[in-house]
Amino acid sequence: MIKKNWVGGTTEFNLNSKLSFYVSDLYNYGNDNSYQQNHYYNLGGSFRKNATRIALNYGRQRGGLVCVGGICRQVPESSGISIALSTAF
């Protein structure tokens, strides 16, 4: 499937050093078929206390190659809620 041109944007609000929120959208506006002009919206936030961070996100994941922290993997399109917990010691 050819998806052609894309546009994206993100707004982030950091309430303080512990709490932050974001909203983002990735839109495939250039596809000739209007049925395939999709929005991939996401919203979420995170809370940090000392060396522990918890994040909650909701939205649509575009399928394809996703790289995070130097690790890349192939993922299918999906939508839903995700939660992440990380800590350092």
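This one's a predicted model, so the numbers in the text were calculated from it and none came from an experiment.
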Spatial distance of atom [atom1] ([X]) from atom [atom2] ([Y]) [nearest 0.5 Å]:
X: Phe47; Y: Leu15; atom1: CZ; atom2: CG; result: 11.0 Å
X: Arg60; Y: His39; atom1: CZ; atom2: NE2; result: 9.5 Å
X: Leu19; Y: Ser46; atom1: CG; atom2: OG; result: 7.0 Å
X: Lys4; Y: Gln36; atom1: NZ; atom2: CD; result: 10.5 Å
X: Asp25; Y: Asn38; atom1: CG; atom2: CG; result: 10.5 Å

Open item on the list: Can you list everything that forms a side chain to side chain contact (heavy atoms under 4.5 Å, CB included) with Leu56? Sequence neighbours excluded, please.
Closed with: Ile81, Ile83
- [ ] With sequence neighbours left out, write down each residue that passes side chain to side chain contact (heavy atoms under 4.5 Å, CB included) with Ser24, or none if nothing qualifies.
- [x] Thr10, Tyr22, Asn42
Test your reading of the model: is there a side-chain donor-acceptor pair from [X] to the backbone of [Y], 3.5 Å cut-off?
X: Asn5; Y: Asn31; answer: no
X: Gln37; Y: Tyr29; answer: yes
X: Asn14; Y: Asn16; answer: no
X: Gln61; Y: Ser78; answer: no
X: Asn33; Y: Tyr35; answer: yes
X: Arg48; Y: Ser17; answer: yes

Task: Heavy-atom side-chain contact between Leu65 and Arg73 under 4.5 Å - done: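 No - every pair of side-chain heavy atoms lies 4.5 Å or more apart.
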Open item on the list: Is there a side-chain contact between Tyr41 and Tyr58 in this structure, where contact means two heavy atoms from C-beta onward sitting under 4.5 Å apart?
Closed with: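 Tyr41 reaches Tyr58 side chain to side chain.
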TODO: Tell me whether the guanidinium CZ or amine NZ of Arg62 lies under 6.0 angstrom from the six-membered ring centre of Tyr40 and within 45° of its axis.
DONE: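 No, Arg62 does not sit over the ring of Tyr40.
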Open item on the list: Same cluster or not: Leu43 versus Leu26, using hydrophobic residues (I, L, V, M, F, W, Y) connected whenever any side-chain heavy atoms lie under 4.5 Å apart?
Closed with: no
Open item on the list: Quick check on Ile71: does its CD1 atom have over 12 non-hydrogen neighbours (other residues, nucleotides or ligands) under 6.0 Å away?
Closed with: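 Atom CD1 in Ile71 is not packed in, count stays at 12 or less.
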